[in-house]
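Please read the structure below before turning to the comments.
Just so it is clear: chains get the letters A, B, ... in the order the sequence lines come, proteins before strands, and each one is counted from 1.
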Amino acid sequence: MKDINKHSSPKNITIGDIAKELGLSKTTISRAISGKGRIGAETRQRVHKYILEHNYRPNLVAKGLAQSKTYNIGVILPADANLTEIPFFQSCLMGICDAAASMDYDVLVTTVTDDDISLLQRLIDNQKVDGVVLTRSLVHDLPAQYLKEVGIPFVLIGTSEDEDIVQIDSNHEAGCCELTTLVLKSGCERVALLAGNQNHMVNRSRYRGYVKAFLDTGIEIDNNLVHLNLNNNILIQKAVNGILDNGADCILCSDDFICSKVLAHLEEMNIAIPDRVKVASFYNSNNLENHTPPITALNISIKELGVTAGKHLIKIISGETTSRKSLVNYEIVLKKSTS
DNA sequence: GTCAGTCAAAGTAAAGCGGA
DNA sequence: TCCGCTTTACTTTGACTGAC
């Protein structure tokens, strides 16, 4: 028997040490700890007494080996997230980490772009994780398609038309419809929408909510006031100029990135909010909360999205059934920008 | 047949060991 | 010294053994 301590740091007590000390096999110790399999009550008590006295902690690598599990979950972030999106993904990640830690899992993070999922494939090929949380939903969702093909458990933070995918989201369509209706009923007659990339499912849901509010209130949409796929500042500024020329009295922004660019452009043009034009966002953030005047926005607990996603994923990994779609509550926070 | 316990195998990095 | 093979570490679990 070689001396394994010769080249290593002080080692933790193992199941083998306990077996040797108590004159039992490693199997018997394992069964006494797990409660699975037949074992005498007195033996079980002896083992439990010993592990309590010696602060035994199972080796998760070996446990994973025996169960063909890694006790890791992967979190996939978009590599092309812009600066204003980072707080969203950070809060998601914190929620996922909390959920994972509470269920004895660790988290590995990697990134994908819309058309390059090689880092996700590497994570799966190398068997680094038992399951995956996708933090962005796309219309043509390459990561989701890939994970379905290879049969790895995963959940999606967002919405998908694929009914096989477990989805964690807020009801964006209902929230945006509610906020748009509030604005329409407050007396605004020319309510514009500036929305982002329509390849992102969330932006489609927000657009549907805007349209539904007009249908419900019986007001016709003026397409001159609707601009989609605003992916950069130049497009946003052009859109703002266009809707102001078309008499917009309220600007609804599909997210805080667009909203912050709109606010900056309005300030440059010395256009007063809310006196000349009202502004609201379908997604809230610290940037908007700290703006003068404060901006009316839809509020969602992003960390709760992450916690829910993490818990659902680990349930699926453990073989438990879970609901296909979970919705996290939203609230409309009315501020001076629409008063 | 039942009960209580043991054996062996799973994956893989790192260390040990023998021969060239 | 280098190369390549063997052993070890770690836990779980189905199959197996021995006593009654």
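- With hydrogens and angles ignored, no donor-acceptor pair under 3.5 angstrom links the side chain of Arg31(A) to the base of dT11(C).
- What separates CG of Asn72(A) from P of dG11(B) is a distance of 18 Å, to the nearest Å.
- Put simply, Ser30(A) has a side-chain N or O that comes within less than 4.0 Å of OP1 or OP2 on dT12(C).
- Here dT6(B) presents its C1' atom at 16 Å from CG of Leu22(A), a figure rounded to the nearest Å.
- Rounded to an integer number of Å, the gap from CD1 of Ile33(A) to C1' of dT12(C) is 11 Å.
- For Tyr207(A), there are no ring-ring contact (aromatic ring centres under 6.0 Å, His included) partners two or more places apart in sequence or in a different chain.
- Here the C1' atom of nucleotide dT12(C) and the CD1 atom of Ile18(A) are 14 Å apart, to the nearest Å.
- The neighbour count for Met94(A) CE, taken as heavy atoms of other residues, nucleotides or ligands under 6.0 Å away, does not exceed 12.
- dT6(B) atom C1' lies 14 Å from atom CD1 of Ile15(A), rounded to whole Å.
- Looking at Ser326(A) and His312(A), their side chains do bring a donor and an acceptor atom within 3.5 Å of each other.
- Between Thr43(A) and dA4(B), a side-chain N or O to OP1/OP2 separation shorter than 4.0 Å is absent.
- Tyr210(A) pairs in a side chain to side chain contact (heavy atoms under 4.5 Å, CB included) with only one of the listed residues (Thr181(A), Leu179(A), Ile221(A)), which is Ile221(A).
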